[in-house]
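Report on the following structure.
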Amino acid sequence: MDEFTAQWVQPYYLKLLGYNYRSLQGVKLDNFVSSTNQALLTIDETVVARLLSSLGWRERLTGSWFAGLKRWNGFANQIGELLVESNRPYAGHGYCFALGRFADTSSSSYLASYLDKYLPRLDCYYDQHWAIAALIWIDNLHGSGYSKTYLEPNGLWEQFIANKPQSSLAQSKLRYESAMVFCNKWFDAI
């Protein structure tokens with residue numbers, strides 16, 4: 001493992017995967033928060049650009065998460081395009097996290113483009129739950145209604161989850177909201 005990966009990817013990606021950091025407690029929580037806050041003091045946009053341009057999902061996941069934490073919405077187009085392209089597993093919820101943190105019109109458009117492309121594909125179970133939760137998050141912040149078209153009765157969301165009994169919009173929203181609240185609490189001062 002190279003020094004760059006050891007510094008910017010290895011300490012974070014498993015905790016970011018599925019927003020696992022939400023369940024950290026005690027010393028593990030303290031270490032994660034301390035390590036992340038230290039990273040936020042030193043990271044710059046060249047590091048995030050390098051992470052996002054990598055072919056690896058771990059790098060893309062951590063790069064999009066750091067961009068979201070720093071609210072560097074200059075990365076919104078790149079992250080949005082990576083989300084819609086959806087060619088790496090596991091990185092998508094990092095993209096949805098970042099777009100939700102940017103919470104702007106561009107982010108909403110990319111999330112909607114992703115949902116337009118992948119909700120009709122009932123056989124593809126990718127990051128639809130993360131994307132709809134991020135879009136709802138943005139709607140709740142701004143009083144917008146981007147997610148409404150997907151959530152109409154017999155709409156794309158209901159059609160998508162019809163054959164996925166383990167799917168729960170309420171759980172997806174809660175998981176996403178708790179990730180955002182966690183980051184607002186521990187990292188917004190940086």
Side-chain angles (χ1 to χ4, degrees), residues 13-14 16-20 22 48 51-69 71-181 183:
Y13 81 93
L14 284 175
L16 303 181
L17 194 60
Y19 308 139
N20 288 329
R22 297 170 305 125
V48 169
L51 289 166
L52 291 174
S53 66
S54 169
L55 294 179
W57 66 267
R58 292 167 187 86
E59 292 82 359
R60 288 181 178 185
L61 173 64
T62 56
S64 57
W65 190 70
F66 278 120
L69 285 181
R71 288 194 169 94
W72 285 339
N73 64 352
F75 289 103
N77 289 338
Q78 183 179 7
I79 290 171
E81 289 170 9
L82 288 170
L83 174 66
V84 174
E85 183 180 280
S86 195
N87 71 354
R88 294 284 180 266
Y90 308 116
H93 61 273
Y95 306 148
C96 293
F97 171 83
L99 294 171
R101 290 280 290 189
F102 303 153
D104 56 16
T105 303
S106 173
S107 297
S108 296
S109 294
Y110 279 113
L111 291 163
S113 292
Y114 177 84
L115 292 169
D116 288 340
K117 182 175 181 177
Y118 290 103
L119 283 180
R121 296 185 59 189
L122 304 180
D123 60 322
C124 296
Y125 194 69
Y126 297 151
D127 298 303
Q128 292 90 330
H129 287 83
W130 306 113
I132 194 69
L135 200 54
I136 292 169
W137 173 264
I138 294 171
D139 283 347
N140 288 338
L141 285 177
H142 299 299
S144 52
Y146 293 101
S147 62
K148 288 181 182 177
T149 59
Y150 304 103
L151 301 175
E152 292 175 353
N154 298 316
L156 284 175
W157 182 256
E158 281 189 10
Q159 293 170 34
F160 175 73
I161 65 167
N163 66 342
K164 298 167 186 71
Q166 75 284 6
S167 296
S168 165
L169 181 60
Q171 283 182 334
S172 297
K173 286 173 37 182
L174 181 62
R175 182 174 45 224
Y176 189 86
E177 289 170 8
S178 66
M180 298 303 256
V181 167
C183 291

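All values reported here derive from a predicted model rather than from experimental measurement.
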For this session: Can you see which heavy atom on Gly18 is nearest to which on Arg175, and at what distance?
Result: O-CD, 4.3 Å
Problem set entry | Partner set under salt bridge (Lys or Arg N to Asp or Glu O under 4.0 Å) for Arg22, not counting sequence neighbours | none
Problem set entry | Inter-residue atom distance Tyr110.OH - Asp104.CG, 0.5 Å rounding | 10.5 Å
Exercise. Could you walk me through whether Ile136 and Tyr176 pass the side chain to side chain contact (heavy atoms under 4.5 Å, CB included) check?
Worked result: CA-CA 10 Å; Ile136 292 169; Tyr176 189 86; over 6 Å; no
Problem set entry | Residue pairs involving residues 153-172 (criterion salt bridge (Lys or Arg N to Asp or Glu O under 4.0 Å); sequence neighbours excluded) | none
Seminar exercise, completed: Between Ala98 and Ser64, the two heavy atoms sitting closest are CB-O, 3.2 Å
Exercise. Tell me, do Ile161 and Trp157 make a side-chain contact under 4.5 Å, heavy atoms counted?
Worked result: yes
Exercise. Can you list every pair that meets salt bridge (Lys or Arg N to Asp or Glu O under 4.0 Å) and has a residue in residues 130-142, with sequence neighbours left out?
Worked result: none
For this session: Look at the aromatic rings of Tyr19 and Phe97 and report parallel, tilted or perpendicular, splitting at 30° and 60°.
Result: tilted
For this session: Supply the atom-to-atom distance Tyr146 OH to Ile138 CD1, rounded to the nearest 0.5 angstrom.
Result: 8.5 Å
Problem set entry | Nearest atoms (heavy-atom pairs only) where Leu17 meets His93 | CA-NE2, 3.4 Å
Seminar exercise, completed: Closest heavy-atom pair, Ala67 versus Phe75, reported as atoms and distance to 0.1 Å, is CB-CD1, 4.2 Å
Exercise. Is it true that the NZ or CZ of Arg101 lies under 6.0 Å from the centre of Trp65's six-membered ring and within 45 degrees of the ring axis?
Worked result: no
Seminar exercise, completed: Distance col, row Ile132:CD1 vs Trp137:CH2, nearest 0.5 angstrom, shows 15.5 Å
Problem set entry | Closest heavy-atom pair and its distance - Leu156, Leu119 | CB-CD1, 3.9 Å
Exercise. Can you name the residues that form a side chain to side chain contact (heavy atoms under 4.5 Å, CB included) with Ser113, not counting sequence neighbours?
Worked result: Val84
Problem set entry | Straight-line distance of Glu81 CD to Gln78 CD, nearest 0.5 Å | 8.0 Å
Exercise. Taking only residues two or more places apart in sequence or in another chain, which ones pass side chain to side chain contact (heavy atoms under 4.5 Å, CB included) with Ala131?
Worked result: Cys96, Leu111, Tyr114, Leu115
Could you pull out all donor-acceptor pairs under 3.5 Å where a side-chain atom in residues 56-63 meets a protein atom, sequence neighbours excluded?
from	atom 1	to	atom 2	distance (Å)
Arg60	NE	Ser54	O	2.7
Arg60	NH1	Asn87	OD1	3.2
Arg60	NH2	Ser54	O	3.3
Thr62	OG1	Arg58	O	3.1
Thr62	OG1	Glu59	O	3.1

Exercise. If you take all heavy atoms of Leu83 and Gly92, which pair is closest and at what distance?
Worked result: CD1-O, 4.0 Å
Exercise. To the nearest 0.5 Å, how far apart are CD in Gln159 and CD in Glu152?
Worked result: 10.5 Å
Problem set entry | Validation row: Ser167, Tyr125 side chains within 4.5 angstrom (heavy atoms) | yes
Problem set entry | Spacing of CD belonging to Glu85 relative to OH belonging to Tyr95, to within rounding of 0.5 Å | 7.5 Å
Exercise. Heavy-atom count around Asn154 CG within 6.0 Å, excluding the residue itself: above 12?
Worked result: no
Exercise. Is Ser107 close to Asn73 at the side-chain level, that is, under 4.5 Å between some pair of heavy atoms?
Worked result: no
